[in-house]
Structure formats: structure tokens, C-alpha cells
Amino acid sequence: MIETFIISMLIIAIAVALLSVKVIILKNGRFSSQHVKDNPKLRKQKIHCVVEQDREARGSKKHI
């Protein structure tokens with residue numbers, strides 16, 4: 001039981017380390033934004049997030 005716990009914690013630690021390589025190595029490293037509105041290729045194709053699409057469909061300017 002304890003061996004399984006140690007192995008799982010090791011796997012989680014390795015995964016966290018690999019996910020944060022960019023943040024650790026670069027001087028001003030940050031995680032990229034995962035929002036649709038922050039992706040330039042999606043904006044170029046005029047793809048919006050679901051909240052914006054709903055707002056456009058309803059014709060309302062209010063933010064949810």
C-alpha cells in the first residue's frame with residue numbers, strides 16, 4: 001500500500017515538474033491563457049467563447 005502511494009506521488013511530482021518547465025526556465029515565464037478569446041487563430045476565424053456567442057444570439061450587451 002505504501003509503495004503504491006510513493007509511486008503515485010512520484011508520478012504526480014514528475015508531471016507537475018514537466019508542466020511547469022516553461023514557468024521555471026524562462027525569466028518571465030507564465031502559463032498560457034486557455035480562453036478561446038485569447039487565441040489569435042480562433043479570433044481570426046471569428047470563433048468566440050460560448051458566453052459571447054450566447055450574448056450575440058440574444059442580442060444583449062450585458063455580461064453574464
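Along the sequence shown, residues carry numbers from 1.
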Distance from [X] atom [atom1] to [Y] atom [atom2], nearest 0.5 Å?
X     : Y     : atom1 : atom2 : value
Asn39 : Cys49 : CG    : SG    : 12.5 Å
Glu56 : Asp54 : CD    : CG    : 10.0 Å
Ile12 : Ile7  : CD1   : CD1   : 12.0 Å

Task: Minimal non-hydrogen separation, Ile47 against Val36, with atom names - done: O-CG1, 4.0 Å
- [ ] May I ask whether Leu10 and Leu18 are part of the same hydrophobic cluster, defined by side-chain heavy atoms of I, L, V, M, F, W, Y residues being less than 4.5 angstrom apart, directly or through others?
- [x]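 Yes, one cluster joins them.
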